[in-house]
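For reference, the structure is listed below as structure tokens.
It should be emphasised that the depicted structure is a prediction, and the values quoted were computed from it without experimental measurement. Below, chain A is the first sequence line, B the second, and so on; all start at residue 1.
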There are 2 protein chains.
Amino acid sequence: MHSRTPSPAARAGRPRSATADTAILAATRAALVELGWSKLTLGDVATRAGVAKTTLYRRWAGKNELVVDAVAELFDELRVPDRGSLAADIEGVVLQFAAILARPEARSGLMAVVAESTRDDALRERIRASIVERQKRLVLEGRARAQARGELPPEEDPEEAARTVDLIFDVVAGAVVHRTLVSAQPADENWVRGFTRVLVTGLTSLPGRPQEHQTGTAADSPPAPGNRAATDSPSAPERKAADSPSGA
Amino acid sequence: MHSRTPSPAARAGRPRSATADTAILAATRAALVELGWSKLTLGDVATRAGVAKTTLYRRWAGKNELVVDAVAELFDELRVPDRGSLAADIEGVVLQFAAILARPEARSGLMAVVAESTRDDALRERIRASIVERQKRLVLEGRARAQARGELPPEEDPEEAARTVDLIFDVVAGAVVHRTLVSAQPADENWVRGFTRVLVTGLTSLPGRPQEHQTGTAADSPPAPGNRAATDSPSAPERKAADSPSGA
DNA sequence: ACGCTTTCGCTACGACCCGTAGCGTAATGG
DNA sequence: CCATTACGCTACGGGTCGTAGCGAAAGCGT
């Protein structure tokens, strides 16, 4: 063995410009603010970033993938503040989420790529990995903290717990998105307070597993409801060519 | 006064073909299914509908407005079934809503126009009037029914009540949309049951104006959080030219 | 220092779609 | 029968797409 590649994915030749990546993503967000999704063109982004249009196509397959990466960076700042109670923690996270969605580059970009992802499985997976999964971790973190405080009981059935996390996540993210983008009204403190009150009340005051009273089978869902924790390690965000310069 | 227009908006000349309208909207939905939003072209829709491309532009300002009208018709079938209890009624409506969102023409079309509406106020108003408002009426209907049953107390402060309706609407619609489009998992009976349980528990088991126990002021929200009930009567869907052939 | 490899900037290109103008024709109402 | 409006059709300039091809630049290994 003579030619050992010193580090993975640094094989040979001229390396990709890292500054170009950040410039392109920043230019994409700027273009989203000024033009919105539909009028954003890759040629324009390339000009703003000071690179050639062909460079863009060498790194991203198209507009969709580029915008996903550009928007994903906006969610890097999300944290779970320790405010002392479950309700207060949720309020804090929701307010942060709402603040991000209030920015025009997120508004116009995020929903557009989600819409596109309904016809493009690879794109949806990219969104899930780079945006959704990061948010879901916040829910897990908040639950762990609430359990440590004794506000929530420790989970018994892990599968049931996972389903609850998914439910909470859909409710929280969905409500904020709908309030912000569809109803077009600010998710300000008042709204977040009312929303959190309903959510926390609904979560804490319902018994662990009440009764499968009416409709029928409630807990014997088949073993594979989704594809939880089955699409992770391989086939990362899968850039067009090779390396993965996006923050990560 | 001699030239009395016999009926409003039927002034003179050749009337617009009503069949063409339905054909165009149906063709739009078909194109959404086959091509999705991004690859849908107006020329293609015109060909499918058997009309000239210019006819499309005489009636709709562009792709956005056309798709809004085409998708809006999908929501005509929404009803509030009387299942006997608030929880069961909500489950019924949510399941209907989920069924509509499961159709590909709604998935790819709805989110795309919502995304576009973030930069186009007229488009957002069109969506609100033709889609959102219709759904919100279901919430009002369900609440009235629950009040008649005694499950919910009659509202005291009408402004507070309106705010609650908006909150419920954002939570329900947002959660279903997020579950369906972002998480990309079916909003089936099991999920709807769990979601409804949390929502109904949160709504009913919180007293009308409880205690500002931990987080702080919970009820003294300022009087004007949004601009409710201020954009209604004038400037209807405002087609491009004149008449309004969409179902209505 | 020398190649080898990969990236970069640039130009040019065919293909496609947009949105409109113009024309002759069809369908109503007065 | 005439004014008015809608329709189908064709054609057009303008813009974007995504790719190909080229020479030059920037690293790595020997």
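Annotation for A/Glu189: atom CD does not count as buried by contact number, only 12 or fewer foreign heavy atoms lying within 6.0 Å.
Distance from the side chain of A/Ala52 is smallest to C/dG9 among D/dG18, C/dG9, C/dT20. For B/Arg59, counting side-chain heavy atoms from C-beta on, the closest listed nucleotide (D/dG18, D/dC7, D/dG8) is D/dC7. Set against D/dT16, D/dG21, D/dG8, the side chain of A/Thr54 has D/dG21 as its closest nucleotide. Ranking C/dG19, C/dG9, C/dT7 by closeness to the B/Tyr57 side chain, first place goes to C/dG19. Nearest to the side-chain atoms of B/Thr55 among the listed nucleotides D/dG8, D/dC17, C/dT20 stands D/dG8.
Listed pair A/Arg16 / C/dT7 meets the phosphate criterion, a side-chain N or O lying under 4.0 Å from OP1 or OP2.
To the nearest angstrom, P of D/dC22 lies 14 Å from CZ of A/Arg58. Atom CZ of B/Arg48 is separated from atom C1' of D/dG8 by 20 Å (rounded to the nearest Å). Distance, A/Asn64 CG to D/dC17 P: 12 Å, rounded to whole Å. Here the C1' atom of nucleotide C/dT7 and the CG atom of A/Asp21 are 12 Å apart, to the nearest Å. One atom, CG of B/Leu42, and another, P of C/dT20, lie 11 Å apart when rounded to the nearest Å. What separates CG of A/Leu66 from C1' of D/dC17 is a distance of 15 Å, to the nearest Å. Rounded to whole angstrom, the span from the NZ atom of B/Lys53 across to the C1' atom of C/dC18 amounts to 6 Å.
Between A/Arg48 and A/Asp44 there is a salt bridge, since a side-chain N of the basic residue sits under 4.0 Å from a carboxylate O of the acidic one. Under a 4.0 Å N-O distance rule, the pair A/Glu73/A/Arg29 qualifies as a salt bridge. The residues B/Asp166 and B/Arg163 are annotated as not salt-bridged, no charged nitrogen and carboxylate oxygen being separated by less than 4.0 angstrom. Between B/Arg59 and B/Asp21 there is a salt bridge, since a side-chain N of the basic residue sits under 4.0 Å from a carboxylate O of the acidic one.
Each of B/Lys39 and B/Gly13 was assigned the nucleotide of DNA chain C with the nearest heavy atom; the assignment lying further toward the 5' end belongs to B/Lys39.
Among the protein residues, A/Ser17 comes within range of the sugar-phosphate backbone only, with heavy atoms under 4.0 Å from sugar or phosphate atoms but none that close to a base.
You won't find any donor-acceptor pair under 3.5 Å spanning the side chain of B/Arg14 and the base of C/dT28, going by distance alone.
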